[in-house]
Every structure is written in C-alpha cells, then in structure tokens.
Protein chains: 2
Amino acid sequence: MDITLALFAFSALSQETRLDVLRLLIKAGQTGMNAGEIGDVLGVRQNTMSTNLNILLRSGLVRNEREGRSIRYFADFDGIRGLLAFLMEDCCGGKPELCEPVLDAIVCDC
Amino acid sequence: MDITLALFAFSALSQETRLDVLRLLIKAGQTGMNAGEIGDVLGVRQNTMSTNLNILLRSGLVRNEREGRSIRYFADFDGIRGLLAFLMEDCCGGKPELCEPVLDAIVCDC
DNA sequence: TCCATATATCAAGAATAATAGATATATGTG
DNA sequence: CACATATATCTATTATTCTTGATATATGGA
C-alpha cells in the first residue's frame with residue numbers, strides 16, 4: 001500500500017453511495033452482490049452506480065467477478081486490511097494499551 | 001458514529017497533508033506533537049496546517065490540548081476505533097475467517 | 001444474427017474542496 | 001501595557017469531484 005492508493009481509497013470512502021456500497025458488501029461477505037442489485041437496494045441510477053463501483057474497484061477495496069450477464073461484487077478484505085495497516089503503521093508510540101481498543105472495534109461476533 | 005461523521009472523517013483522510021498528520025500522530029501516540037512542529041516536519045504553511053488540523057479535529061480523529069502558547073495534537077484512538085467499527089459493522093457475513101485478517105493488519109508490535 | 005438484459009463510458013454543467021495572502025486572536029514575558 | 005510567539009479565521013481563486021443524459025459494449029437466448 002502506498003500513499004497514493006491510500007488517498008484514493010479514503011477518497012472513495014468519503015462519498016455516501018460508495019461508503020454504503022462497501023458496508024453492504026462487507027456485510028454480504030463471500031456472498032457478494034450483483035451490480036444491479038446494489039443499485040436497486042441503494043436507489044442509485046445505473047450509470048452513477050457503475051462509476052462508483054469502478055472507483056471502489058480501483059481503490060482495491062472491492063473486487064468483482066462476471067456471472068453471466070451480471071457482474072458480482074465483493075468486499076476485498078485483503079485490500080481493506082492493507083489500507084488499515086497503512087493507517088495504523090507503527091501505532092501507539094510504544095504503548096499497546098492505546099491502540100488495542102482500536103482492534104476491539106473490529107472484532108466480529110459471527 | 002453516524003454516516004455523516006464517517007463521511008467527513010474519510011474525507012479528512014483523503015487529503016495528503018491530513019493523512020500524513022494522522023499517521024504522524026498515530027506513531028507519536030500519547031506524546032503527541034505541537035501544531036507548529038507538525039507543520040515544520042511536513043513542510044506545510046502555517047495557515048494551511050491550521051485549517052487541516054481543524055478538519056481532523058472536527059472529524060474526531062484527532063484531539064488537542066493547549067500547552068502554553070502552543071497547542072499539542074494527539075491521535076484520538078477512540079475516534080479512530082469508532083470510524084473503523086462503523087466501516088466493519090456486521091462484517092464478513094458469518095465467516096470470521098474473512099475479516100480476521102483485517103484485524104491482524106492493525107496488531108502493533110510495540 | 002437479432003434482440004433483450006446488464007454494465008460501462010463520455011461529456012458537460014453544478015457543486016465542493018484546496019490553497020494562500022492578509023489579518024485576527026490568544027498566550028506568555030518583560 | 002507593549003511586544004513576540006503560536007495558532008486561527010477570512011476571502012477569493014483555482015482545482016477537483018459529482019451527477020446525469022446519451023450512448024456504447026458485453027453477454028445470453030431465440
């Protein structure tokens with residue numbers, strides 16, 4: 001992860017539709033969602049959604065797979081990990097008790 | 001954490017100076033850094049840095065404390081946790097092996 | 001091959017954000 | 001109180017990003 005990609009990824013997440021999409025896909029896990037389905041759920045026009053999905057793709061936060069005529073999108077957990085690792089690099093100045101609570105935030109209960 | 005603040009926070013991180021600042025402060029931990037010191041290290045003009053620090057403050061990713069004539073800034077680990085928790089809410093669709101690697105990214109070796 | 005479905009690209013106007021010069025405010029010191 | 005230091009605010013210009021209508025491309029089926 002370099003700073004250019006990190007900036008692009010954070011910029012991707014600073015727009016409501018794209019943040020909604022990534023959160024949907026994170027919840028969907030390995031099931032993913034078709035592009036059209038995502039647009040329907042979020043009530044976003046087709047071309048706008050396509051543009052936004054492409055931005056998420058290029059940010060490395062999302063990946064896709066063709067499925068017949070549709071294209072299925074998934075959260076890219078490796079990409080998300082890379083971004084968070086870049087942000088938290090050398091965290092907490094030697095005091096683990098500062099950054100451990102950050103980890104707790106992400107423990108899933110599934 | 002609501003979506004409006006999350007969007008504002010990700011937007012804060014989508015600008016190079018501000019991402020640099022937060023990463024510096026995350027590394028600095030509880031020591032923090034003075035506003036002027038941050039500007040010197042990053043080679044950013046005083047008023048630009050002040051504006052950017054204010055945006056980080058309002059995003060909840062950073063807090064500050066007056067220290068005589070200077071103002072010392074710190075990463076706000078609670079704020080960071082809140083943002084990441086919002087992003088990763090209900091993650092991984094029931095398959096912990098998908099999101100556990102995301103956690104590993106943030107384990108500090110201090 | 002022709003048509004329908006699903007998604008992507010293009011182009012332009014509208015909205016938003018970044019930067020920096022000038023200036024203001026706040027604190028400490030003598 | 002006068003002055004120096006440290007940070008914040010204002011304002012305008014420039015640059016970037018968002019959205020959308022129109023159109024293009026890709027796939028599957030008859």
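In this text the structure is predicted, and so the values were computed from the model without any measurement. First the proteins, then the strands, lettered A, B, ... as listed; each starts at 1.
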Donor-acceptor contact present, side-chain B:S50 to main-chain B:Q46, <3.5 Å: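 Checking the backbone N and O of B:Q46 against the side chain of B:S50, no donor-acceptor pair under 3.5 Å is found.
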
In whole Å, what is the span from the CZ atom of A:R45 to the P atom of D:dT23?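 Answer to the nearest Å: 16 Å.
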
Nearest whole Å is fine: how far is C:dT7 C1' from A:M33 CE?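 Whole-Å distance recorded here is 16 Å.
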
Do the numbers put B:R23 on top of the ring of A:F86, so that NZ or CZ is under 6.0 Å from the six-membered ring centre and no more than 45° off the axis?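 Verdict for A:F86: a cation-pi partner in B:R23.
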
Would you say [N] has OP1 or OP2 under 4.0 Å from some side-chain N or O of [X]?
{"X": "A:T48", "N": "D:dT19", "value": "no"}
{"X": "A:R66", "N": "C:dA6", "value": "no"}
{"X": "A:R69", "N": "D:dG29", "value": "no"}
{"X": "A:S50", "N": "C:dT7", "value": "no"}

Mind checking if A:R18 touches a base, just sugar-phosphate, or nothing, with heavy atoms under 4.0 Å?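 Sugar-phosphate contact only - A:R18 comes under 4.0 Å of backbone atoms but never of a base.
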
Using only heavy-atom distances, decide whether a donor-acceptor pair under 3.5 angstrom links the side-chain of A:Q46 to the base of C:dA8.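 Donor-acceptor pair under 3.5 Å: yes.
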
side-chain contact (heavy atoms from CB on, under 4.5 Å) evaluation trace for B:D76 with B:L61: CA-CA 5 Å; B:D76 185 330; B:L61 297 169; 5.8 Å; no

Sub-4.5 Å side-chain heavy-atom contact between A:R63 and A:Y73: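 Sidechains of A:Y73 and A:R63: no contact.
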
DNA chain C: A:N34 or B:Q15, which has the more 5' nearest nucleotide?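 Its nucleotide being nearer the 5' end, the pick is A:N34.
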
